[in-house]
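Before any comments, here is the structure.
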Amino acid sequence: MGRVLAIGNFDGVHLGHQAILSEARKLAGPDGTVIAVTFWPHPTSIVRPSETPALLCRLSDRVRLLKAGGADEVSIVEFTHTLASTPPQDFVERVLCSLHPSDVVVGENFRFGVGAQAGGQQMSDYAQGRFQVTVMPLLAHQGRISSSRIRTALVAGDVEQAAGMLGRFFRYQGIVVLGDQRGRELGFPTANLTVPDRYACPADGVYAGYLHWESETWPAAISVGTNPTFDGDTRRVEAYALDQCDLHLYGDKVGVDFVARLRSQMRFSSPQDLISQMNHDVEATRKALTSTPGRS
């Protein structure tokens, strides 16, 4: 009965991360335990704060996705300046051996120890027969799958490419806030989410996707941006659940899945022009969702 560690930062829990979890599950066997070891906050925020990336998901969602991917437990290791300056052998002794693994699975780009100087081979050497190390090759989807490439795709508004690397639609989650109420006035009431800089979000524009609330899922036309027609200055995700005009979700957590990009953000000369375009966007959303296979 194995006790297997799957180690990584796991931001986004993309297909490459899922392959690591799958291998760990295979090694643990049906009666073994898989422990996903992840780091918080993002290591770059400690060692190179000015280069801290926008996160693909919140920590609570990362934990949920890791468990959905096969982890029985998730161990969150606090990443500190002390950990960043820990020699590789000490990292193995203090962090890994304390969890008593029979096996450890990492991706081939996993680095650890002071200066990120060590990888899977060095980990195997330092393990000294106490556990086995499996190094997984990187997966590819139109290039190497990585959290950084997913962020780049989102910045470009290429939510289809992001989904290809995640193995599911990119989901932006947050608490519904009170907006300007203009969508309701125009006949398209939206669930509004703020967009903090620390979290990744697709480029400004209009998208087809889904709005998730509790056990409900609705097709949705989604706008990302500042609402330039009304001189807005706050960036938001605004999701209109198609044909749902009486939803009251303020203060609730929702998820917004991005399926396909429909158009860029535009400024309209009048509210009527905007309403006309929004009607077109709704129909384009229906068409896009009909032609796009679903992903869990």
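All values below come from the heavy atoms of this structure, side chains included, with hydrogens, waters and symmetry mates left out.
Judged purely by distance below 3.5 Å, without hydrogens or angles, the side chains of Thr194 and Arg236 never pair a donor atom with an acceptor atom.
Ion pairing between Arg286 and Asp243 holds under the 4.0 Å rule for side-chain N and carboxylate O. The pair Arg64-Asp61 meets the salt-bridge criterion, with a side-chain N (NZ, NE, NH1 or NH2) lying under 4.0 Å from an Asp/Glu carboxylate O. Salt bridge present: Glu93 and Arg130 bring a charged side-chain N and a carboxylate O closer than 4.0 Å. Asp11 and Arg151 are joined by a salt bridge, as a carboxylate oxygen and a charged side-chain nitrogen come within less than 4.0 angstrom of each other.
Ala200 and Leu56 make their closest contact through CB-CD2, 3.9 Å (heavy atoms, listed as atom of the first residue, atom of the second, distance). Scanning all heavy atoms of the two residues, the minimum distance from Gly12 to Leu65 falls at O-CD1, 4.1 Å. Shown here for Ala6 and Leu21, the closest heavy-atom pair between the two residues is CB-CD2, 4.0 Å. The two residues Gln244 and Pro189 have their closest heavy-atom pair at O-CG, 3.9 Å. The minimum heavy-atom distance between Tyr240 and Cys245, with the atom names listed, is OH-SG, 4.3 Å. Across Ser102 and Val4, no two heavy atoms sit closer than the pair OG-CG2, 4.1 Å.
Looking at residues two or more places apart in sequence or on another chain, you find a ring pair (Phe, Tyr, Trp, His ring centres under 6.0 Å) between Phe258 and Tyr207. Take His14 and apply the ring pair (Phe, Tyr, Trp, His ring centres under 6.0 Å) test, not counting sequence neighbours, and it matches His17.
Leu5 is not listed as a side-chain neighbour of Asp103, based on a closest heavy-atom distance of 4.5 Å or more. Taking the side chain as every heavy atom from C-beta outward, Leu211 and Val254 approach each other to under 4.5 Å. No side-chain heavy atom of Met136 sits less than 4.5 Å from a side-chain heavy atom of Val106. In this structure, the side chains of Arg261 and Asp158 stay at 4.5 Å or more apart for every pair of heavy atoms.
Criterion: ILVMFWY side-chain heavy atoms under 4.5 Å apart, direct or through other members. Under it, Met165 and Val13 are part of a common hydrophobic cluster. A single hydrophobic cluster is not seen to contain both Phe170 and Leu262; linkage of ILVMFWY side chains at heavy-atom distances under 4.5 Å, directly or through other members, places them apart. Clustering ILVMFWY residues whenever any of their side-chain heavy atoms sit less than 4.5 angstrom apart, transitively, puts Ile222 in a cluster other than the one holding Val206.
Sorted by first and then second residue, the salt bridge (Lys or Arg N to Asp or Glu O under 4.0 Å) pairs with a member in residues 203-212 read Asp204-Arg235; sequence neighbours excluded. For residues 122-146, no pair satisfies ring pair (Phe, Tyr, Trp, His ring centres under 6.0 Å), with sequence neighbours left out. Annotation: salt bridge (Lys or Arg N to Asp or Glu O under 4.0 Å) contacts involving residues 205-215, sequence neighbours excluded, are absent. Residue pairs meeting the ring pair (Phe, Tyr, Trp, His ring centres under 6.0 Å) criterion with at least one member in residues 42-92, sequence neighbours excluded: Phe91-Phe112.
Rounding to the nearest 0.5 Å gives a distance of 7.0 Å between CG of Leu15 and CG of Leu139. Atoms OG1 and CG, from Thr52 and Asp197 in turn, are 12.0 Å apart once rounded to the nearest 0.5 Å. Atoms CD1 and NE2, from Ile275 and His280 in turn, are 12.5 Å apart once rounded to the nearest 0.5 Å. Here the CD atom belonging to Gln277 is positioned 4.5 Å from the CG atom belonging to Asp281, to the nearest 0.5 angstrom. From Phe10, atom CZ reaches atom OG1 of Thr38 across 6.5 Å, with rounding to the nearest 0.5 Å. Here the OG-CG distance, from Ser223 to Asn192, works out to 9.5 Å after rounding to the nearest 0.5 Å.
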Original post:
Can you list the steps and then say if Arg267 with Asp273 is a salt bridge (charged side-chain N to carboxylate O under 4.0 Å, His left out)?
Top reply: CA-CA 10 Å; Arg267 184 185 184 95; Asp273 288 342; over 6 Å; no

**OP:** Starting from the C-alpha separation in whole Å, work towards a yes-or-no answer on salt bridge (charged side-chain N to carboxylate O under 4.0 Å, His left out) for Arg25 and Asp72.
**Re:** CA-CA 9 Å; Arg25 182 78 270 164; Asp72 299 299; 2.9 Å; yes

**OP:** Report the C-alpha separation of Asp125 and Gln121 in whole Å, then their side-chain angles, then the decisive distance to 0.1 Å, and conclude whether the side-chain hydrogen bond (donor to acceptor under 3.5 Å, both in side chains) test is met.
**Re:** CA-CA 6 Å; Asp125 294 340; Gln121 182 56 58; 3.2 Å; yes

**OP:** Evaluate the side chain to side chain contact (heavy atoms under 4.5 Å, CB included) criterion for residues Leu289 and Val259: first the C-alpha distance (whole Å), next the side-chain angles of each, then the deciding distance (0.1 Å), finally the verdict.
**Re:** CA-CA 7 Å; Leu289 297 183; Val259 176; 3.8 Å; yes

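The backbone N or O of Ala288 lies less than 3.5 Å from a partner atom in the side chain of Thr292, making a donor-acceptor pair. Judged by distance alone, with hydrogens and angles left aside, the side-chain atoms of Arg58 form a donor-acceptor pair with the main-chain N or O of Gln173 at under 3.5 Å. In this structure, the side chain of Thr86 engages the main chain of Thr82 through a donor-acceptor pair within 3.5 Å.
Atom CD of Gln89 sits in a crowded spot, with more than 12 heavy atoms from other residues, nucleotides or ligands closer than 6.0 Å.
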